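The figures that follow rest on heavy atoms only: side chains count, while hydrogens, waters and symmetry mates do not. On a predicted model such as this, the values are computed, not experimentally measured, just so you know.
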Amino acid sequence: MTAPPLSGMTGFAEEGGAAGAVVWLWQAKSVNGRGLDLRCRLPGGLDRLEAEVRRRAQARFSRGAVSLNLRLERQDEAPAYVINRSWLDHLIGLAGDYPGRVGDGPPRLEALLAVPGVVVSAAGGSVPDDISDDVLLAGLDHALDGLVAARLAEGAALAAVLGRLLDDIAALVTAAGAAAECQPEAMRRVLARQLADLLAAGAGDSAIDPDRVAQELALLAVKGDVREELDRLAAHIAQARDLVDGGAPAGRRLDFLCQEFNREANTLCAKAQTTELTAIGLDLKQAVDRLREQAQNVE
């Protein structure tokens, strides 16, 4: 079974059409987000569609701040807004049921018109007659599919960038392994120089136990052994490549791997006994930071 391609979290798509006198337009856009944050803006009278809109978006996306906006416009000469007379009459009747409790006189018209639902969009009020829910939801599917395609295009670009960054990290790990092989000899030279300095300072009459020197060298070698860190870095690289190639929502796991990369790079720098290995460790930390920045764009 072919793995799904990597997906980003940024994209934009729209889909529109017309039915009767109503022109409709879906706009779908998304940006980065830690989780899935869905925001829907529907015209008045179409709130009933929100649950289905959310269900269809959740079936396609797992991360990102996704905004879905439906706009409706009438193309005839009908007024832009109308008064919902049944709702207005109901409010007037309610005011009559509570004399003396809602004011000294009858409710003022401007106050009633300010009540939500009294003045409504003519397009929104006429949607049930001009266009069906199925038509609007089919348009939503096209807009969502367009957004998926836009995010996949970003994912393809991200996969190439992540691959190059992992190549850089792999090259640095290889260089660190070569530099680490020189660490025991470098530590032996440092210890020998320190012993020579002590002898030159007047410690010549003191017997220096060769076994003790060997023990110190062995202890330093253990402290400076970075083979475990290099092995873990190599394993992280392989796992990161699998995630990039696997494609399924990988952003959170890549972000976690970047933390592990950074942990090993810090330990490598702490154990470095040569300027060459220290420089490689610092370069490795910078490469990991670049990897994390790009991984945060992945769904």
_So that I can tick it off, tell me whether Asp242 and Arg253 are bridged by a salt bridge, with the cut-off set at under 4.0 angstrom between side-chain N and carboxylate O._
no

*Identify whether Val23 and Leu140 are in the same connected component of the hydrophobic contact network (ILVMFWY, side-chain heavy atoms under 4.5 Å).*
no

*Modelled atom types, side-chain donor and acceptor of Asn69 and Ser67, under 3.5 Å*: no

*Distance from Lys271 atom NZ to Asn266 atom CG, nearest 0.5 Å?*
13.0 Å

*Pairwise distance CD(Gln239) to CZ(Arg232) - rounded to 0.5 angstrom*: 13.5 Å

*Apply side-chain contact (heavy atoms from CB on, under 4.5 Å) to Leu70 and Leu25, showing your working.*
CA-CA 6 Å; Leu70 174 61; Leu25 177 68; 5.9 Å; no

*Could you state the interatomic distance from CZ (Arg263) to CG (Leu257), rounded to the nearest 0.5 Å?*
11.5 Å

*Do you reckon Val161 sits in the same ILVMFWY cluster as Phe261, going by side-chain contacts under 4.5 Å, direct or chained?*
yes

*Between Arg252 and Asp255, is there a side-chain N and carboxylate O pair less than 4.0 Å apart?*
no

*Closest approach of Gly281 to Leu268 (non-hydrogen atoms, all atoms of both residues)*: CA-CD2, 4.2 Å

*At what distance, to the nearest 0.5 angstrom, does CD1 of Ile237 lie from CG of Leu172?*
9.0 Å

*Can you establish whether the number of heavy atoms outside Arg56 located under 6.0 Å from its atom CZ is more than 12?*
yes

_Do Leu72 and Leu46 make a side-chain contact, defined as non-hydrogen atoms from C-beta onward lying under 4.5 Å apart?_
yes

_With clusters defined by side-chain heavy atoms of hydrophobic residues (ILVMFWY) lying less than 4.5 Å apart, directly or transitively, does Phe61 cluster with Leu137?_
yes

*Smallest separation among heavy atoms of Leu147 and Ala13, with atom names*: N-CB, 3.4 Å

*asked:* For Arg151, is there an ion pair with Glu154 - N to carboxylate O distance below 4.0 angstrom?
replied: no

*asked:* Using side-chain contact (heavy atoms from CB on, under 4.5 Å), reason through Leu88 and Ile83 one step at a time and then give a plain yes or no.
replied: CA-CA 8 Å; Leu88 178 59; Ile83 294 176; 4.0 Å; yes

_Atom pair CG (Leu254) and CD (Gln259), whose distance is rounded to the nearest 0.5 Å_ = 11.5 Å

*Is it possible for you to say whether Leu282 and Leu233 belong to one hydrophobic cluster, with membership spreading through side-chain heavy-atom contacts below 4.5 Å?*
no

*Please confirm whether the backbone N or O of Pro116 pairs with a side-chain atom of Trp87, one donor and one acceptor, at under 3.5 Å?*
yes

*asked:* Ignoring hydrogens, what is the shortest heavy-atom contact between Ala272 and Thr278? Give both atom names and the distance.
replied: CB-OG1, 3.3 Å

*Nearest 0.5 Å, what's the CG-CG distance between Leu6 and Leu158?*
6.5 Å

*Which is it for Arg71 and Glu73 under the salt bridge (charged side-chain N to carboxylate O under 4.0 Å, His left out) test, yes or no, and what are the steps along the way?*
CA-CA 7 Å; Arg71 292 165 48 192; Glu73 293 182 3; 3.8 Å; yes

*Under 4.5 Å between any side-chain heavy atoms of Asp167 and Arg241, yes or no?*
yes

*Pairwise side-chain contact, Leu277 with Thr274, heavy-atom cut-off 4.5 Å (strictly under)*: yes

*asked:* Using side-chain contact (heavy atoms from CB on, under 4.5 Å), reason through Val118 and His90 one step at a time and then give a plain yes or no.
replied: CA-CA 10 Å; Val118 174; His90 179 68; over 6 Å; no

_I want to check something: taking the side chain as every heavy atom from C-beta on, are Thr10 and Asn297 in contact at a cut-off of under 4.5 Å?_
no

*Grab the two heavy atoms, one from Cys258 and one from Ala295, that are nearest each other, plus how far apart they are.*
SG-CB, 4.3 Å

*Heavy-atom closest contact (Ala250 atom, Val298 atom, distance)*: C-CG1, 4.3 Å

*Can you list the steps and then say if Gln27 with Phe12 is a side-chain contact (heavy atoms from CB on, under 4.5 Å)?*
CA-CA 8 Å; Gln27 289 185 331; Phe12 175 83; 4.2 Å; yes

_Minimum heavy-atom distance Ala143-Trp26, with the two atoms named_ = CB-CB, 3.9 Å

_Hphob cluster co-occupancy, Val148 + Leu38, side-chain heavy atoms under 4.5 angstrom_ = yes

*May I ask you to decide whether Glu52 forms a salt bridge with Arg54, counting only side-chain N to carboxylate O separations under 4.0 Å?*
no

*Measure from the side-chain N and O atoms of Ser30 to the backbone N and O of Met9, and report whether any donor-acceptor pair falls under 3.5 Å.*
yes

*Non-hydrogen side-chain atoms of Leu291 and Arg164 separated by less than 4.5 Å*: no

*asked:* Do the side chains of Glu299 and Arg63 get close enough for a salt bridge, i.e. N-O under 4.0 angstrom?
replied: no

